[in-house]
S.K.: 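Okay, handing you the structure first.
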There are 2 protein chains.
Amino acid sequence: MLKPKPNLSAPIAQALREAIGQGQFAIGQKLPSEANLTALHSVSRPVVREAIAELRADGMVEARQGAGVFVIRQQPIGSALFEGIDPEKLSSILEILELRTAVEVEAASLAAQRRSPAQEDAIFSALKAFEEAAAAQVSTVESDLAFHLAIASATNNPRFPQFLTMFGRDAIPRDRLAAQGQEFIADGYLSQIQSEHRQIAEAIAARDAGAAGAAMRAHLQGSQQRYRRMLHRSA
Amino acid sequence: MLKPKPNLSAPIAQALREAIGQGQFAIGQKLPSEANLTALHSVSRPVVREAIAELRADGMVEARQGAGVFVIRQQPIGSALFEGIDPEKLSSILEILELRTAVEVEAASLAAQRRSPAQEDAIFSALKAFEEAAAAQVSTVESDLAFHLAIASATNNPRFPQFLTMFGRDAIPRDRLAAQGQEFIADGYLSQIQSEHRQIAEAIAARDAGAAGAAMRAHLQGSQQRYRRMLHRSA
DNA sequence: CTTTTCCAAGTTGTCTGACAAGATGTCAAC
DNA sequence: GTTGACATCTTGTCAGACAACTTGGAAAAG
C-alpha cells in the first residue's frame, strides 16, 4: 500500500507551524490573513482554512472573527514528546525503548510492592491473553502492551500507565508495531517472550520487588536485542 | 474580553473525537462520509471538512481520496500527557516525582557509563552553579534542574533530557517550583542537597554506574521527603 | 479640544455549486 | 477465473456569494 497523496493543506499547516516555532509570529501576534495566505501559497481559501483548522487543533492559534488568527502557543501541545523521533531510524526506536526500560523496571518493582489481588489477577489475565494470541499465531502487539499496562496500573500511580500509553504506542507508528508483531511470530520469539512475561508476573505475585525489576530489565533488554536483529535483517 | 463565539466545526470535531474514543468507530474503520456528516449535523460541507482537518492534526484519522476517512488512533497524540494532574494536590506532584525517579536513576547510571569528558565538565559546572546560587541565598530551582539536565544529557539519548524538560518543568507550575526554591533556603536543606549532588557527580566521574544510580535514588527519595514535609507544613 | 458615533474596509465564518481525482463494486466479455 | 469498462460514491479543490464581526479613521456632538 502506497502512501496517500498529500493534500494541499498539510504543507501549509506545516509551514505555519515552523514559522511560528521559529518566532516569525510571536505569541499574541496575528498571522497573515486568509486572503494573503491564499495568494502566497496559490491555493483556494478553503485549503488555507483547513490548514488553520489544523493549527487550531494543535492549540497554537485562536481565530477571532473579523479580527484575525492569533498565535497562542509556539509549539503544538505535547509536541516536545516526539521531537527528533524519526520512525525510520533504528536509533530513534532504541532511544525510546531505553527510556521505557527505565520506567518499566521501576514499575515492575513498585507493582510487586503495591499490587492488590485484583491487579494481580489482571496481570495474569493479560499474561494469558498474550499466550492465547501467541498460540493462535495472531499479532501479539496489543496483548503485549496490555500486559505491560496491567503492570504499570498495579503501581497505583497513574503516571506510569499514561507514560506507557504514550511511549508504548504513540511514539512508534502502527505499521511498525504491526510489522514487529508479524516478525516475532515468524522468528519464533514468542515462547521466549512468554517465558519472560511469566517470570515478571510471578515475581510481582510473590511481592519480590528486586526480582520483578530484574526480570523486567532482562525482558526489555531481550526486546531490544530482538528488535535490533529484526531491523538489521530487514535493511 | 469575552470568549470568541465558537465556530460550527469545533463541536463536530469534538463529537467525532468522543465517538472514536468511545469505540463507535474502531481503528481501521471508516467515518461517515462528508455528505452524511453534513446532513447529520445540518452544516455545510466545508464545516465538516474543517472538523476532519482538526482530527487529522490530532493524528486520529487519515483521509483517502475516493475511499473515505479512516480512524488510525482512538485518542489525540499526546492527549494523555497531563491527564488527571492537579497541581494543587500533593498526590499529583508526588506521582510525577516518582515517575521522574525511575527515569533519573537510570539516567545517572547511563551517564556514568557513557559520559564524555566534556559532559563530565558540564555536570561539575552545573554542580558549581547550584552551589553558587545556594551561597547567594537565591532560588536554586533553575540551577537544580540544570544539574539534572546535564546528567540526562550525558546519557547521550535525547529522550532523557526531553522527558526531564517536560516532567521537570512543564508538568509542575512555575509558582510551585519557585515556592519550593524559597522554602529549601529557609529550611536549611541546601547543604544536604549539595552533598547529595556531589556524590552523584563523583560517581558519574568515576564511571561507577551502580553508585551513580544509588546516589540519585537516595537524592530523589530525599527530595520527596523534603517536599512532603514542606507541603504538610504549608497546609 | 475631547468624546462619541458612524461607516468603510478588512477579516473570519458559512453556504452553494461545480469539477477533478480517486476508490469501489458490478457486469459483460474473453 | 480474469480483465476491462462503467456507474456510483467519496474526498480534494476551486470560485463566488453573503453573513457576522472587528478595526481604524473621519465626522459630528458636547
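Residue numbers start from 1 in every chain, and the chains themselves are labelled A, B, ... in the order their sequence lines are given, proteins ahead of strands.
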S.K.: How many whole angstroms separate atom NE2 of H41(A) from atom P of dT13(D)?
M.R.: 14 Å
S.K.: Using whole Å, what does the distance between atom P of nucleotide dT24(C) and atom CZ of R64(B) come to?
M.R.: 8 Å
S.K.: Counting only side-chain heavy atoms from C-beta out, which of dT16(C), dT12(C), dT22(D) sits nearest to A67(A)?
M.R.: dT22(D)
S.K.: How many whole angstroms separate atom CD1 of I12(A) from atom C1' of dC14(D)?
M.R.: 13 Å
S.K.: Looking at the side chain of R49(A), which of dC15(C), dT10(D), dT12(C) is the nearest nucleotide?
M.R.: dT12(C)
S.K.: What's the closest nucleotide to the E34(A) side chain, out of dT13(D), dC15(C), dG13(C)?
M.R.: dG13(C)
S.K.: Should the ring pair H148(A) and H197(A) be called parallel, tilted or perpendicular, given that the plane angle runs from 0 to 90° and is split at 30 and 60?
M.R.: perpendicular
S.K.: Checking E106(B) now: which residues fulfil side-chain hydrogen bond (donor to acceptor under 3.5 Å, both in side chains) with it, not counting sequence neighbours?
M.R.: R217(A)
S.K.: Would you mind telling me which residue lines up with the more 5' stretch of DNA chain C, V69(A) or P46(A), judged by nearest nucleotide?
M.R.: V69(A)
S.K.: Just N and O in the side chain of S44(B): are any of them under 4.0 Å from OP1 or OP2 of dT14(C)?
M.R.: no
S.K.: Can you tell me which nucleotide in dG13(C), dC14(D), dT11(C) comes closest to the side chain of Q65(A)?
M.R.: dG13(C)
S.K.: Select base, sugar-phosphate, or nothing to describe what I52(A) touches, counting heavy atoms under 4.0 Å on all strands.
M.R.: nothing
S.K.: Going by side-chain hydrogen bond (donor to acceptor under 3.5 Å, both in side chains), name the residues that satisfy it together with Q192(A), two or more places apart in sequence or in a different chain.
M.R.: E196(A)
S.K.: Checking contacts here: which listed nucleotide (dT13(D), dT10(D), dT11(C)) is nearest the side-chain heavy atoms of S33(A)?
M.R.: dT11(C)
S.K.: Ignoring hydrogens and angles, does a donor from either the side chain of R45(A) or the base of dG16(D) sit under 3.5 Å from an acceptor on the other?
M.R.: no
S.K.: Round to the nearest Å and state the distance from L55(A) atom CG to dT12(C) atom C1'.
M.R.: 15 Å
S.K.: Go nucleotide by nucleotide along DNA chain D from the 5' end; which of L8(A) and G66(B) gets its closest nucleotide reached first?
M.R.: G66(B)
S.K.: Send over the distance from N7(A) CG to dT13(D) C1', rounded to a whole Å.
M.R.: 10 Å
S.K.: To the nearest 0.5 Å, what is the distance between OG1 (T155(A)) and CD1 (I204(A))?
M.R.: 10.0 Å
S.K.: Taking atom types as modelled, is there a side-chain donor on N156(A) or Q119(A) under 3.5 Å from an acceptor on the other?
M.R.: yes
S.K.: Specify the separation, in whole Å, of atom CG of L31(B) and atom P of dT10(D).
M.R.: 13 Å
S.K.: Nearest whole angstrom, please: distance from the C1' of dC21(D) to the CD of E62(A).
M.R.: 15 Å
S.K.: Between dT11(C) atom P and Q29(A) atom CD, what is the distance in whole Å?
M.R.: 15 Å
S.K.: Among the candidates dT14(C), dT11(D), dG13(C), find the nucleotide nearest to the side-chain atoms of R56(A).
M.R.: dG13(C)
